[in-house]
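Some notes on the structure that comes next.
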Amino acid sequence: MIRDELLDAVRDAMATLGVEPLPPAVVVERPANREHGDWSTNAALVCQKIAARNPRELGQALADVLSADPPPHVESLDIAGPGFVNFRLASTWLYDVLAAVITEGQDGYGRLDLGQGKRVNVEFVSANPTGPLHAGHGRWAAYGDSLCRILARCGYVPHAETYINDRGVQIQRLGESLAARKAGQEPPTEDHYMGDYIAEWAQEMPDGVDPAEWGMQRALDDQRQALAAMHVAFDTWSSERASVEAGHLESALQRLRDGGFVYEQDGATWLRTTDFGDDKDRVLIKSDGDATYLLPDIGYHENKYERGDLIIDVLGADHHGYVARMRAALQALGHAPEDYEAIIGQNVTLMRDGAEVRLSKRAGTMIEVRDLVDEVGPDVARFAYLLQSIDTSQTIDIDVLKAEASENPVYYVQYAHARVHSIGRMAAERGIDRVPFDQIDLGTLVHERELELLRQLSTLPETVESACRDRAPQKITTWVRELAAAFHGFYRDCPILRTDVAPELQQARLWLVEASRIGLAIGLDLLGVDAPEEM
RNA sequence: GCGUCCGUAGUUCAAUCGGAUAGAGCAACAGGCUUCGAACCUGUAAGUUGGGGGUUCGAGUCCCUCCGGGCGCACCA
């Protein structure tokens, strides 16, 4: 990587100036403004105190040392602003990028080994089996699935998992709600389920079945279909009931007792989560003898470590108070705090007809994931979900997604991919074959559009790394949109198959198109969005 | 009240673990197809990054404080 070569050169040069070792804050990065060069380093700024020198003066000294024996591709060096040293590179460095994309290919380019095979269990969606998935669940589905794809590309071994709370009062209430509707009555209390789907399902429900069991299976079928429609697949659907029957609850409780973290008070059994930073202790077993939801959850999480060295829970904002107690419980069971990670996703607000649609399974109105996916398709839905950070609340206006379908950002990216394949088809029609890459004269690629495309491709590895480290799929979304923009600009200004294009240039551009295809396909794949050859 | 996530162009959002002149889409306005797909391209306009203070060579980003919003604060799940 050019970046590492430049940093090594900076390190050597700073050593000759008496600064050794180089502080880790010293980086080689891309200036936000291209006029500042291709790469720059903040070494002089970071080291000014160590070296006891004015940063501009130190920067000048650094530039002088580097100029005496320039790193590869470096054409010129200058010092700018408060003391940045800027590198201007010959476009040969971008030809190396093109070669890397082509030789490493769709499978290898931007594939990293951050994880070194570490297993990561990612739990997401985990909706109660009491109704259809609403559009808010769609966000966790799109996010979790994309995160798993990014983790896999970075050398982790992800395991996508979802949890079914098929045990407890909410299932009973579902059954009672269905039974009441079937009998033509209102559900008995406000804590029962009111949605339109209850009435529909009550009509479907055969006589003589257990309403609770039947309703839960009905809800699960519905959820499975919705997730399939979104193209989200799980490695494991974990059942709370099965987990408890397997003894996970008891074994966790026993180990917590053995560790001395459990005590009795007011007739209830408590876990001393305050030992691990929670703000109050938590009840494991109520005074009536029933376990709270927390205890089976602890047993389940403990069991998840069989399927991952690191556990990630993707949770809605309404669960953020849950994180401290779960982390505390897992620490009490001997797990390091960094082996449990909770990602708190903020809420989704859906707009339709200019008004907010309330997302509640118990209220009468809701929008199901299936409705959204049916209306706009899985690609539009997923791309929309992954357009922004999970840390911010999101507003999705269904009317906008539908009305602007043709101008939707996902089509902008997919169109770029389809154009690539269109070029391939046209080339085949005209009998134009690509000659082997090692016979190409890359020096013909001098157009700013071509170079910009290569610059964008060069940033994929660091973008993937950043998206993985920050658990931030939206960085991939942004990147692939920028790549599509670079490709569309190139396509517009740089003819490839036209008869007036010189053969050497045509060949180089065909390989650049192939590199673009690889980049677009990787980006879309990491988002779980289809990369169509025709639209 | 306590905790937590936010507040960036008319709007929806970006912004490389603190970098230089804060960028895109949509909407608005003005242009661009006789050779490959116009679902595209080019340009114009649009900002006191909620207010104030601090740390730093450098703050949208970190700290404090105030304002505004979401979500929590059960022997519910």
Side-chain angles (χ1 to χ4, degrees), chain A residues 25 27 29-33 35-36 40 42 44-46 48-49 54-56 80-84 86 128 130 165 168-170 191 265-270 279-280 282-294 296-297 316-324 344-347 349 384 387-397 400 403-409 411-412 414-416 418-419 421-427 430 449 459 462-463 465-466 469-470 474-475 477-479 481-482 484-485 487-501 509 513 534-535:
Chain A
V27 292
E29 61 196 350
R30 299 161 198 274
N33 189 334
E35 291 167 15
H36 293 126
S40 76
N42 59 356
L45 295 164
V46 173
Q48 58 180 303
K49 282 185 178 157
N54 169 294
R56 276 200 68 103
F84 289 100
N86 295 333
N128 281 338
T130 54
N165 288 101
V169 292
Q170 74 278 7
D191 287 335
Q265 184 178 308
D266 303 330
T269 303
W270 297 70
D279 53 1
K280 61 171 99 164
R282 304 293 166 176
V283 173
L284 295 175
I285 300 172
K286 296 182 280 181
S287 52
D288 67 5
D290 288 343
T292 64
Y293 75 96
L294 184 60
D297 261 17
D318 56 341
H319 280 75
H320 78 82
Y322 164 99
V323 176
I344 304 300
Q346 298 301 310
N347 291 345
T349 304
L387 225 31
Q388 65 185 269
S389 162
I390 199 80
D391 291 335
T392 62
S393 55
Q394 182 171 41
T395 303
I396 291 181
D397 189 326
V400 169
E404 295 178 355
S406 65
E407 292 152 13
N408 195 290
Y411 293 124
Y412 183 80
Q414 289 183 320
Y415 184 51
R419 273 184 152 175
H421 282 269
S422 170
I423 293 166
R425 287 189 296 270
M426 187 64 67
R430 298 187 187 180
R449 295 289 205 179
T459 62
E462 67 205 53
T463 302
E465 177 174 353
S466 167
R469 191 187 55 226
D470 298 341
Q474 89 276 1
K475 294 186 183 217
T477 315
T478 300
W479 180 85
R481 291 174 74 183
E482 287 171 351
F487 180 79
H488 285 309
F490 158 76
Y491 181 88
R492 191 70 195 162
D493 291 347
C494 299
I496 300 152
L497 299 177
R498 258 171 34 186
T499 50
D500 56 350
V501 179
R509 283 179 173 169
V513 169
E534 283 182 86
M535 294 176 66

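Just so it is clear: chains get the letters A, B, ... in the order the sequence lines come, proteins before strands, and each one is counted from 1.
- We find that NZ of Lys280(A) is positioned 16 Å from P of C2(B), with the value rounded to whole Å.
- Remark: U8(B) base-pairs with no nucleotide in the shown strands. Criterion, Watson-Crick or G-U wobble with two distances under 3.5 Å.
- Distance check on atom P: C17(B) versus U11(B) gives 29 Å, rounded to whole Å.
- Contact check, Arg449(A) against U42(B): a side-chain N or O comes under 4.0 Å of OP1 or OP2.
- Closest to the Asp470(A) side chain, of the nucleotides C17(B), C76(B), U35(B), is C17(B).
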Query - Reading 5' to 3' through nucleotides 4-9 of chain B, protein heavy-atom contacts under 4.0 Å coded B for base, S for sugar-phosphate only, - for none - result: SSS---

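- Taking atom P in both U34(B) and A22(B), the straight-line distance is 39 Å, to the nearest Å.
- Using a 4.0 Å heavy-atom criterion, one finds that Pro495(A) contacts the bases of the nucleic acid, with or without backbone contacts as well.
- In terms of modelled atom types and a separation under 3.5 Å, the side chain of Asn54(A) and the main chain of Arg56(A) share a donor-acceptor contact.
- When all heavy atoms of Ile344(A) and Gly316(A) are compared, the pair lying nearest together is CG2-O, 4.1 Å.
- Both distances falling under 3.5 Å, in either a Watson-Crick or a G-U wobble arrangement, place G72(B) opposite C2(B).
- A20(B) has His36(A) stacked on its base ring, the centres lying under 5.5 angstrom apart and the planes within 30 degrees of parallel.
- One P atom belongs to C26(B), the other to A39(B), and the distance between them is 14 Å to the nearest Å.
- When the P atom is used for both C75(B) and U12(B), the distance is 39 Å, rounded to whole Å.
- The interatomic distance linking Asp318(A) (CG) with A74(B) (C1') rounds to 15 Å, in whole Å.
- Atom-to-atom, CG of Asp191(A) to C1' of A74(B) comes out at 13 Å; the value is rounded to the nearest Å.
- Taking only side-chain atoms of Leu45(A), from C-beta outward, the nucleotide of C57(B), A14(B), A15(B) with the closest atom is C57(B).
- At least one side-chain heavy atom of Arg419(A) sits under 4.5 Å from a side-chain heavy atom of His488(A).
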Query - Worked verdict on Tyr491(A) versus Ile423(A) for side chain to side chain contact (heavy atoms under 4.5 Å, CB included) - result: CA-CA 10 Å; Tyr491(A) 181 88; Ile423(A) 293 166; 3.7 Å; yes

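- In terms of position on RNA chain B, the residue among Ser422(A) and Asp279(A) whose nearest nucleotide sits closer to the 5' end is Ser422(A).
- Distance, Gln388(A) CD to G70(B) P: 17 Å, rounded to whole Å.
- A straight line from CD1 of Ile285(A) to C1' of C75(B) spans 11 Å, rounded to a whole angstrom.
- Contact annotation for Gln414(A): no contact, since no heavy-atom pair falls under 4.0 Å across all strands.
- Using a 4.0 Å cut-off, no side-chain N or O of Arg419(A) falls inside it from OP1 or OP2 of G37(B).
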Query raised in the report: Would Asn42(A) and Val27(A) satisfy side chain to side chain contact (heavy atoms under 4.5 Å, CB included), going step by step from the backbone distance to the final call?
Result: CA-CA 6 Å; Asn42(A) 59 356; Val27(A) 292; 3.8 Å; yes

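- The base of A39(B) does not come close enough to the side chain of Tyr411(A) for any donor and acceptor atom to sit less than 3.5 Å apart.
- Only the P atoms considered, U61(B) is 16 Å distant from U48(B), to the nearest whole Å.
- No donor-acceptor distance shorter than 3.5 angstrom exists from the side chain of Ser40(A) to the backbone of Pro31(A), with no hydrogens or angles considered.
- Here the nucleotide nearest the side chain of His319(A), chosen from A77(B), C75(B), A38(B), is A77(B).
- Between the side chain of Gln48(A) and the main chain of Gly83(A), no donor-acceptor pair closer than 3.5 Å is present.
- Rounded to whole Å, the distance from CG on Asp397(A) to P on C13(B) is 11 Å.
- Proximity note for Arg492(A) (side chain, C-beta onward) versus C17(B), A38(B), U35(B): the nearest is A38(B).
- Judged by distance alone, with hydrogens and angles left aside, Asn86(A) brings a side-chain donor or acceptor within reach of the base of A20(B), the pair sitting under 3.5 Å.
- Within the 3.5 Å criterion, the main-chain N or O of Ala384(A) finds a donor-acceptor partner in the side chain of Gln394(A).
- If you check A38(B), A20(B), A77(B) against the side chain of Lys286(A), the one that comes closest is A77(B).
- For Asp500(A), the side-chain atoms get nearest to U35(B) when compared with the rest of U16(B), A39(B), U35(B).
- Judged by distance alone with a 3.5 Å cut-off, no donor-acceptor contact links the side chain of Thr292(A) to the base of A74(B).
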Under 3.5 Å between N/O atoms: give me all the protein pairs with nucleotides 22-25 of chain B, atom names plus distance.
residue : atom : partner   : partner atom : Å
G25(B)  : O4'  : Arg481(A) : NH2          : 3.4

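- On the P atoms, G53(B) is 23 Å away from G18(B), given to the nearest whole Å.
- The shortest distance between the side-chain N/O atoms of Tyr412(A) and the OP1/OP2 oxygens of C41(B) is below 4.0 Å.
- The side chain of Asn42(A) has G19(B) as its nearest neighbour among G19(B), A15(B), A14(B).
- One can place CG of Leu387(A) at 18 Å from P of U11(B), the figure rounded to the nearest angstrom.
- Of the candidate nucleotides G72(B), A77(B), G19(B), G19(B) has the atom nearest to the side chain of Glu29(A).
- Counting non-hydrogen atoms under 4.0 angstrom, Met535(A) reaches a base of the nucleic acid.
- The same atom, P, is picked in C62(B) and in U8(B); the two are 15 Å apart, to the nearest Å.
- Checking A77(B), G70(B), G37(B) against every side-chain atom of Asn128(A), the shortest atom distance belongs to A77(B).
- Tyr322(A) and His319(A) have perpendicular rings, their planes meeting at more than 60° on a 0 to 90° scale where under 30° would count as parallel.
- Using a 4.0 Å heavy-atom distance criterion, Ser40(A) is classed as a base contact.
- At a threshold of 4.0 angstrom between heavy atoms, the contacts of Arg425(A) include nucleobase atoms, whether or not backbone atoms are also involved.
- For Thr478(A), the side-chain atoms get nearest to A14(B) when compared with the rest of A14(B), A20(B), U16(B).
- Counting any heavy atom pair closer than 4.0 Å across all strands shown, Ala324(A) reaches no nucleic acid atom.
- Not a single donor-acceptor pair under 3.5 Å links the side chain of Trp479(A) to the backbone N or O of Thr463(A).
- Here, A28(B) and G69(B) have their P atoms 32 Å apart, quoted to the whole Å.
- Distances shown here put a side-chain N or O of Tyr415(A) below 4.0 Å from the OP1 or OP2 atom of A39(B).
- Judged by Watson-Crick or G-U wobble contacts below 3.5 Å, the nucleotide G58(B) has no partner.
- Of the side-chain N and O atoms in Lys49(A), one or more sit less than 4.0 angstrom from OP1 or OP2 of C57(B).
- One N or O on the side chain of Arg430(A) and one on the backbone of Leu497(A) form a donor-acceptor pair closer than 3.5 Å.
- Distance, Tyr322(A) OH to A77(B) P: 12 Å, rounded to whole Å.
- Judged by centroid separation below 5.5 Å and plane tilt below 30°, Phe84(A) stacks onto the base of A20(B).
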